[in-house]
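Below: the structure, in structure tokens.
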Amino acid sequence: MQLSRDELIESYRVMRTIRDFEERVHEEFSGGAIPGFVHLYSGEEASAAGICQHLSDKDKIASTHRGHGHCIAKGCDVRQMMLEIYGRGEGLCGGKGGSMHIADLSKGMLGANGIVGGGPPLICGAALTAKYKKTGGVAIAFVGDGGSNQGTTLESYNLAKVWNLPVIFVVEDNGYAEATSSSWSVAGSQMDRAKGFGMPAVQVDGHDFFAVHEAAGEVIERARAGGGPSLMHVILNRFFGHFEGDAMTYRAEGEIARLRKEKDSLKIFRTNATQAGLLEDADMDKVDKEVAGLIDDVVKESEKATPPPLEKLTTDVYVNY
Amino acid sequence: MQLSRDELIESYRVMRTIRDFEERVHEEFSGGAIPGFVHLYSGEEASAAGICQHLSDKDKIASTHRGHGHCIAKGCDVRQMMLEIYGRGEGLCGGKGGSMHIADLSKGMLGANGIVGGGPPLICGAALTAKYKKTGGVAIAFVGDGGSNQGTTLESYNLAKVWNLPVIFVVEDNGYAEATSSSWSVAGSQMDRAKGFGMPAVQVDGHDFFAVHEAAGEVIERARAGGGPSLMHVILNRFFGHFEGDAMTYRAEGEIARLRKEKDSLKIFRTNATQAGLLEDADMDKVDKEVAGLIDDVVKESEKATPPPLEKLTTDVYVNY
Amino acid sequence: MSKKSYRQAINEAIAQEMRRDENVLVWGEDNAGGTGGDGEQDAWGGVLGVTKGLLPEFGPNRVLDTPISESAFIGAAAGAAATGLRPVAELMFVDFMGVCFDQIFNQAAKFRYMFGGKAVTPMVIRTMYGAGFRAASQHSQALYSVFTHVPGLKVVVPSSPYEAKGLMTQAIRDDDPVIFFENKVMYDDEEEVPDDPYAIPFGEARLTREGDDVTIVAIGRMVGIANQAADELEKAGISATVVDPRTTSPLDVDTIIECVEDTGRLVVVDESHPRCSVASDISSIVAQHAFKALKGPIQMVTAPHTPVPFAPELEDAYVPNPAKIVDAVKVAMA
Amino acid sequence: MSKKSYRQAINEAIAQEMRRDENVLVWGEDNAGGTGGDGEQDAWGGVLGVTKGLLPEFGPNRVLDTPISESAFIGAAAGAAATGLRPVAELMFVDFMGVCFDQIFNQAAKFRYMFGGKAVTPMVIRTMYGAGFRAASQHSQALYSVFTHVPGLKVVVPSSPYEAKGLMTQAIRDDDPVIFFENKVMYDDEEEVPDDPYAIPFGEARLTREGDDVTIVAIGRMVGIANQAADELEKAGISATVVDPRTTSPLDVDTIIECVEDTGRLVVVDESHPRCSVASDISSIVAQHAFKALKGPIQMVTAPHTPVPFAPELEDAYVPNPAKIVDAVKVAMA
Ligand SMILES: Cc1ncc(C[n+]2csc(CCOP(=O)(O)OP(=O)(O)O)c2C)c(N)n1
Ligand SMILES: Cc1ncc(C[n+]2csc(CCOP(=O)(O)OP(=O)(O)O)c2C)c(N)n1
Ligand SMILES: [Mg+2]
Ligand SMILES: [Mg+2]
């Protein structure tokens, strides 16, 4: 699957946007400007970007508590996302959802999710809609290594296979669920589990956009063609704590610094893309600058924006009643 | 694992008791004497008997809605079981549980269960008790093929492995969950699923007591020795409907008659035991007669027994308060 | 118009809505019944036969069996509803909610609010409730109180075949998640039910009779029991209004309050466990908003604070009956 | 005696009971925190640090981390309790009940009854509840009303550090399944707490103040808010009794009724959703059993019938506060 120059630049822009978005949220959270539970996706950009590059609005994704990256990659408006995280009335969910509940159904983004394992059942339903209506769409559930142990996730593997749904389960294995290592909490292996439910599976280095993109292309193709669900085991790392405020004493000393140096998906992308002669540094420098400006703008706007009016407290519970 | 003559006779007695118990409950239910939802174990006797032969009171089992066979094999009092199924005050649970909730903790029988997948989590706890208290006991969860798709079951595989518990998961695959075929509802395979969670697994013909007994011996031994959980995939058949009242139109014509002829675990036991010179027909004839008498007695007593007194409605909710 | 059972009434409503809208799909364990086997494919139509006949008419793309994986397939209903279908999914017995409640109360129920009003989740969960079936502790609970507690869910408890058809039709047309409680003891109850489709709006109580002395609010199957009690009371010279709220969420507070203002007395009949129940809910609303009208203590007739026992004699003592209601009315009027 | 936080008080109760009885074990997600990794093993002590320090003292056989598999490990608590341990298992946020409720309400809660009184299930489920943490719809619910509905469960909602220690001690010693609700906004609240172990019995309400004009019953964190309201009311010449039931199941009905009989007025403060809530429960009990003593309408101060919003301004408007209680008292007295 060869990507055009424009597509490559677009994918880099997605990764850069995620990175800058998250690094900035980290800063603003530390400064006290952002309330709540915030889980950052820095370090994992190539997964969301490599997978969602294959998708259009008719394709659906369900995300996790660590949802910003998936939202951005699936085309959610970055300005409205930041406003949402600040709890502003102009936010993507009117300020009522917050970081853990960002969604934009019009973009096929069915929501970040505060419940570990909340997404896979939903995505089976979204896939059934696509199959029944013959839209050609696929549906993708992102879960973490921790979420791969939730019964709701495991049941969904079976249902997707039994109903032969166009689903991809993406296990983003960043080595930890909160403070607990996935080397301990995940018995067996993600690959063998997929086999246990009769699904094809592929393991991929989640720091490498090109590897993710290629692997995703294959499983998505199969799903679109009626070949049923697959699983992707994406191995990657998070650069921040589980959530903002986590001191990460459970990690080995120097681990983060090493990861930032060796496993930075943006650097890896740049190196690969330039070495292969696909893009030039200047292409990416340009994106970097544009994104930096964008993030600056949306933070400034978010700071100044107003909260939802109080009467919004009781609206939107029902369509009618 | 060579069984003594007495042990063999005991095992046969367990199977015969289960069979006669169930056939008689079937009759009495049809005649209207027994109320409620009743799921019969006829046809599956060799599984309960072959596995529980290895167990003593310090070992724990958790059963399913189809629990009578497990109860009998684990040593529950047959008289009190029948009284319970009739809803009598002298029943094993004082008439408050009924067929789907028969239990006797003193025998290590943690209950039939009205919830598909209810048992496996409980059995992880029972196994932890055994491990922590170093009793040498094992804990066994029976689930059906249908129950093998319940998230609670799948989660328990992982927990048992991660905590390295002395657990055996016994998937009794009788080909159907209610009217739905397991060839359709179970994606992948039970053996591969076990592997997915890093557990050893064994598949066995559940009509053959000797095969079940041998396979169970191995996995139980491993668990007792600290080797962690295993899965047994036991393939067998039920002779009656899902529950009493099921017309079984989803089964092929003549299927039951053929199974009763070819896959009767009691006949198979008799043939094997006599051919191998382990027992003589007379040994088993004697058991048959004793059991027939026993079942007759307990049914007669159950018919005449009295219901629980009305004040029992509100007792036993709490130990105190 | 012809006599139809509660079971047939529900089946007919679903079939008619499936004809009307091709986005209505049905799924659940054995909702066809027989998938993958060598025998009849429409063998069960659900464990008590409510969906029987739908598979032959609508085919396997619209009537789906499922594995025993309630979180996955109830969650799939939420995901399908949020993306353009109108699923009618079955949670066989409401007692099984514990294995899939998250998908109902944290996902389906909250989408609209969490997403700032931008989601629509038109799904129906059909589920059986109630004691009296000799099905013991894990197959006999009421539990609609728990669903009523949750903002974002609509909760329907139809009290007769006519009600069941009209409310199911509305449930399927409704754009919010609806939990539809079917009382398993009532499936063979019959009454005249129109052949044509009709929808009964949510949040509009009906009065099955009007009286002067006491208002009896009853839920689901208890409406019939309350009417029996009212018959007996009439013999004793006490005339009762009987209110069937039809839906516990939304609740027709106005009608209940009007009735209490007319009669001055309230008895609530609810086969739930008593604590934090619909009975306590309605009682508390009246104690707050119609206090001045009350001439005597509010009475609640509920099950006791115990699991449902198996023994028939105990189970019969567990469920509210006309005699208990009559007694409660007498206390309310003392 | 020394100043301890709500967090420390709970930690101390658990540690002391673990010292007292070797069958007390603790488990949950990251209850140690760090298992399997290269860094600190006692890294988290639960997501907000309540169990920190238990691993170093009691070791990994008694303090266990778990995979994210609530059904399995909460069910394991029930299975362990029924076979001789006394587990204290953590359901991190009560909002997660939906993935494991079956093991709580159909298994643990019903063993004793279903098995004819022959089971004992001494387990504690620790869980966090409540709004005010900017944690949005799926991490902010109260939900104790749902657990209170279920026969067989004891439900504890401690209102201060002193209460938390004594009630946790009782919870661990109790032979029934106990759901222990910790308000996450209160972990840093401090007060004098005795160093020695002490148990506060269940089902015995405490009065934080006594007055003549109105009885305010408040749950958990709302007790403090109710006391603030009572201070304000005092300035306006209204004297209030404030009742902290401590446990919503069992509920100390007698004390509540006595207080209402003294004051003639009732306001219930509960941060739950209003429908089928503990507020409605207590209101309905009083309307049934203390009707004659009532001089005005019962008032309930609860959250609205909506999910918990994220935006701080909306969330602050969502939770009951002193001003709303003062207003409600005035309506009750009008
Ligand atoms: C059902 C449920 N259990 C527990 C939690 C608390 N929790 C939130 S995120 C998390 C860890 C998730 O780990 P993983 O799935 O690996 O995702 P990651 O955070 O690493 O991206 C936990 C335990 C939750 N939100 N929902
Ligand atoms: C959680 C839950 N879902 C559904 C049911 C209804 N139900 C009872 S038994 C059964 C089929 C079980 O099939 P299987 O596990 O294969 O056991 P078998 O009946 O064949 O022994 C179903 C669907 C239930 N009791 N609990
Ligand atoms: Mg992770
Ligand atoms: Mg089966």
Side-chain angles (χ1 to χ4, degrees), chain A residues 34-37 65 84-89 91 93-101 113-118 144 146-152 175-187 242-243 246-253 255 306-310 312-317, chain D residues 28-49 65-73 75 92-93 95-100 102 132-141 184 273 303-319:
Chain A
I34 293 177
F37 274 128
H65 55 287
E84 185 63 32
I85 290 167
Y86 270 80
R88 304 310 191 193
C93 304
K96 293 163 89 161
S99 165
M100 270 194 288
H101 305 298
N113 210 308
I115 303 300
V116 169
S148 77
N149 295 325
Q150 184 62 269
T152 57
Y176 297 92
E178 295 189 350
T180 302
S181 170
S182 62
S183 66
W184 176 82
S185 73
V186 179
H242 169 65
F243 48 27
D246 173 7
M248 287 202 278
T249 59
Y250 51 89
R251 297 186 83 148
E253 275 223 15
E255 197 177 313
T306 52
L310 279 190
K312 287 287 182 182
L313 174 60
T314 52
T315 60
D316 305 323
V317 182
Chain D
E29 289 154 19
D30 299 291
N31 269 13
T35 301
D38 299 328
E40 194 185 359
Q41 292 298 295
D42 180 41
W44 272 35
V47 69
L48 296 181
D65 277 342
T66 68
I68 307 177
S69 309
E70 283 85 358
S71 281
F73 74 76
M92 192 184 295
F93 290 79
D95 311 68
F96 307 161
M97 63 166 280
V99 299
C100 63
D102 185 72
F133 212 74
R134 309 341 186 180
S137 296
Q138 294 174 338
H139 284 70
S140 305
Q141 297 166 87
K184 54 183 154 316
H273 308 306
H305 188 63
T306 78
V308 183
F310 169 63
E313 295 79 2
L314 296 189
E315 192 182 24
D316 290 342
Y318 177 91
V319 194

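First the proteins, then the strands, lettered A, B, ... as listed; each starts at 1. Hydrogens, waters and symmetry mates play no part in the numbers below; they use all other heavy atoms, side chains included.
In this structure, F133(D) and F37(A) have tilted ring planes: the angle between them lies in the 30° to 60° band.
Looking at Y86(A), the atoms closer than 4.5 Å to chain D (heavy atoms on both sides) all sit in the backbone: N, CA, C or O. Neither the backbone nor the side chain of Q41(D) comes within less than 4.5 Å of any heavy atom of chain A. Using a 4.5 Å cut-off between heavy atoms, S71(D) makes no contact with chain A at all. Heavy-atom distances place both the backbone and the side chain of T314(A) under 4.5 Å from chain D. Using a 4.5 Å cut-off between heavy atoms, D316(A) does not touch chain D at all. Contacts of I85(A) with chain D are made by backbone atoms alone, with heavy-atom separations under 4.5 Å and no side-chain atom involved.
Here the closest non-hydrogen pair linking I68(D) and G147(A) is CD1-N, 4.4 Å. The two residues G114(A) and F96(D) have their closest heavy-atom pair at O-CE2, 4.0 Å. Counting all heavy atoms, side chain and backbone alike, G34(D) lies closest to Y250(A) at CA-CB, 3.9 Å. The two atoms that bring G87(A) and A311(D) nearest to each other are O-CB, 3.4 Å, heavy atoms only. Closest non-hydrogen pair, G37(D) versus S181(A), comes out as N-CB, 3.7 Å. When every heavy atom of A317(D) is checked against every heavy atom of L310(A), the shortest pair comes out as CB-CD2, 3.9 Å.
Of all the listed residues (P307(D), P312(D), G39(D)), the one sharing the greatest number of non-hydrogen pairs under 4.5 Å with chain A is G39(D). Of all the listed residues (Q150(A), K96(A), R88(A)), the one sharing the greatest number of non-hydrogen pairs under 4.5 Å with chain D is Q150(A). Between chain A and the options T306(D), T66(D), L314(D), heavy-atom pairs under 4.5 Å are most frequent for L314(D). Most heavy-atom pairs under 4.5 Å with chain D: of the set S99(A), G97(A), S183(A), this distinction falls to G97(A).
One distance of note links CG of D65(D) with OG of S185(A); it measures 9.5 Å at 0.5 Å rounding. If you take CD on E70(D) and OG1 on T152(A), they are separated by 9.0 Å, rounding to the nearest 0.5 Å.
Evaluation of the side-chain contact (heavy atoms from CB on, under 4.5 Å) rule for S140(D) yields A131(D), A135(D), V308(D), E315(D) as partners, not counting sequence neighbours.
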Quick one: do M100(A) and H139(D) satisfy side-chain contact (heavy atoms from CB on, under 4.5 Å)? Show the steps, please.
CA-CA 10 Å; M100(A) 270 194 288; H139(D) 284 70; 3.4 Å; yes
Start with the C-alpha distance between V47(D) and E178(A), add both sets of side-chain angles, then the distance that settles side-chain contact (heavy atoms from CB on, under 4.5 Å), and finish with yes or no.
CA-CA 8 Å; V47(D) 69; E178(A) 295 189 350; 4.2 Å; yes
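Residue pairs meeting the salt bridge (Lys or Arg N to Asp or Glu O under 4.0 Å) criterion with at least one member in residues 30-41 of chain D, sequence neighbours excluded, are E40(D)-K52(D).
The closest side-chain heavy-atom distance from P35(A) to F310(D) is below 4.5 Å.
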